Amino acid sequence: MGEEVHNEEETVTPGELLGKANEVKAGEGTYVADYRNSGLLCVFASLIGLRRTVSPPIDSSDPRPTVEVTGHKSRGSVPEPGSVVIARVTKVMSKMAQADILCVGPKSVREKFTGVIRQQDVRATEIDKVDMHLSFRAGDIIRALVLSLGDARAYYLSTAKNELGVVSADSTAGAAMVPISWTEMQCPQTGQIEQRKVAKVGG
């Protein structure tokens, strides 16, 4: 008893800053880490979900409220053939790339789903000339279409349509890159151009 919940109904994503560790306690779905190596400990979200703050019990000696992130309780979205997903590339090999599926449509997933983009599914033209390392890099956020459930619980994904492909990528300098063509993104800091299979913006 005595616990008071403030439901802010604010959706947060992994790595999002939730507060300073000396002001709030880390609850479920969060973690504590050094903020940008500054020596300041902060609480961050560890999953996609709703942020909420729980006031401490009246008899608690710790006055800090607890901040927690609860995954979307509605049935966890599951990828299925024909769904458009948002995924983070984890590994790029010569014939395929692996990615962790983050969202199915607008809904975040609750379980871990792995996707595989095969060389023939990267784009619609000149399939035999696709270089996986010039299409994706680990850490890229992509929009892809689920083709089918492949082997070993991995979904086969396709980025062969104009509106599919890399939607967010960091350059080697660590800056968010800007798409400048179907196949190139540019670092705004250094001007360096990197190859990607770019998703058409607003498509």
Side-chain angles (χ1 to χ4, degrees), residues 10-17 33 35-38 42 44-49 77 79-109 112-148 150 154-203:
E10 178 194 359
T11 299
V12 293
T13 54
E16 195 163 321
L17 179 64
Y35 182 68
R36 294 182 178 171
N37 298 317
S38 64
C42 290
F44 300 88
S46 63
L47 49 85
I48 297 176
S77 297
E80 52 190 42
S83 357
V84 173
V85 298
I86 300 294
R88 180 185 289 111
V89 177
T90 54
K91 191 174 182 181
V92 180
M93 293 155 279
S94 59
K95 296 289 185 188
M96 65 177 190
Q98 286 182 344
D100 287 341
I101 296 172
L102 306 176
C103 300
V104 178
K107 291 186 178 175
S108 60
V109 296
K112 180 173 177 179
F113 297 107
T114 303
V116 172
I117 308 140
R118 297 168 295 183
Q119 187 179 20
Q120 66 264 37
D121 296 324
V122 172
R123 64 184 185 211
T125 57
E126 298 186 309
I127 292 169
D128 54 329
K129 293 183 183 175
V130 169
D131 184 330
M132 297 304 293
H133 293 279
L134 295 181
S135 302
F136 310 106
R137 291 221 184 140
D140 287 357
I141 303 296
I142 60 167
R143 184 188 299 125
L145 179 72
V146 178
L147 296 176
S148 63
Y155 289 83
Y156 285 141
L157 306 178
S158 167
T159 56
K161 291 183 180 178
N162 288 348
E163 67 271 19
L164 304 175
V166 176
V167 293
S168 173
D170 288 343
S171 68
T172 49
M177 292 198 292
V178 180
I180 55 173
S181 75
W182 298 106
T183 58
E184 294 173 325
M185 298 182 93
Q186 186 171 25
C187 173
Q189 283 184 5
T190 64
Q192 181 183 350
I193 292 172
E194 295 184 19
Q195 301 282 313
R196 292 290 199 283
K197 195 294 178 184
V198 181
K200 180 182 178 185
V201 180

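Because the structure is predicted, anything quoted here is derived from the model rather than measured.
Using a distance-only test at 3.5 Å, with no hydrogens or angles considered, no donor-acceptor pair links the side chain of K200 to the main chain of K161. A donor-acceptor pair under 3.5 Å is absent between the side-chain atoms of R137 and the main chain of D140, judged by distance alone. No donor-acceptor pair under 3.5 Å is formed between the side chain of E194 and the backbone N or O of S171. Distance alone, capped at 3.5 Å, places no donor-acceptor pair between the T159 side chain and the A144 backbone.
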| request: Quick one: do M132 and M93 satisfy side chain to side chain contact (heavy atoms under 4.5 Å, CB included)? Show the steps, please. | output: CA-CA 7 Å; M132 297 304 293; M93 293 155 279; over 6 Å; no
| task | Applying side chain to side chain contact (heavy atoms under 4.5 Å, CB included), run through V146 and E80 and close with a yes or a no. | result | CA-CA 6 Å; V146 178; E80 52 190 42; 5.9 Å; no
| request: Output, in order, the C-alpha distance, side-chain angles, deciding distance and verdict of side chain to side chain contact (heavy atoms under 4.5 Å, CB included) for V198 and W182. | output: CA-CA 5 Å; V198 181; W182 298 106; 5.5 Å; no
| message | Pair Q195, E184 - check side chain to side chain contact (heavy atoms under 4.5 Å, CB included), show working. | response | CA-CA 5 Å; Q195 301 282 313; E184 294 173 325; 3.7 Å; yes
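A pairwise comparison of heavy atoms in A176 and P188 identifies O-CD, 3.3 Å as the closest pair. Smallest separation of non-hydrogen atoms from M185 and A169: SD-CB, 4.0 Å. Taking all atoms of both residues into account, the shortest heavy-atom contact from S135 to V130 is OG-CG1, 3.9 Å. Nearest heavy-atom pair across L157 and G115 is CD1-CA, 3.8 Å. The shortest non-hydrogen separation linking F136 to V92 is O-CG2, 3.6 Å. The shortest non-hydrogen separation linking G15 to F44 is O-CD2, 3.4 Å.
Interatomic distance, CZ of R143 versus OG of S168, reported as 11.0 Å (0.5 Å rounding). For the atom pair S83 OG and L145 CG, the distance stands at 7.5 Å (nearest 0.5 Å). With values rounded to the nearest 0.5 angstrom, Q189 atom CD is found 11.5 Å from M177 atom CE. Atom CD1 of I101 is separated from atom CZ of R88 by 13.0 Å, given to the nearest 0.5 angstrom. Interatomic distance, R196 CZ to L134 CG, rounded to the nearest 0.5 Å: 9.5 Å. Distance SG/C42 to CG/L17: 5.0 Å, rounded to 0.5 Å.
A salt bridge links D121 to R118: at least one charged side-chain nitrogen sits closer than 4.0 Å to a carboxylate oxygen.
Every residue was checked against the side-chain hydrogen bond (donor to acceptor under 3.5 Å, both in side chains) condition with T190, not counting sequence neighbours, and none meets it. By the side-chain hydrogen bond (donor to acceptor under 3.5 Å, both in side chains) test, Q98 is found to be paired with no residue, residues two or more places apart in sequence or in another chain being considered.
Of the residues V167, V85, I117, the one that meets the side chain to side chain contact (heavy atoms under 4.5 Å, CB included) test with I142 is I117.
Ring geometry for Y155 against F113 counts as perpendicular: the plane angle is over 60°, on a 0 to 90° scale with 30° as the lower cut.
Between I141 and V166 there is no side-chain heavy-atom pair separated by less than 4.5 Å.
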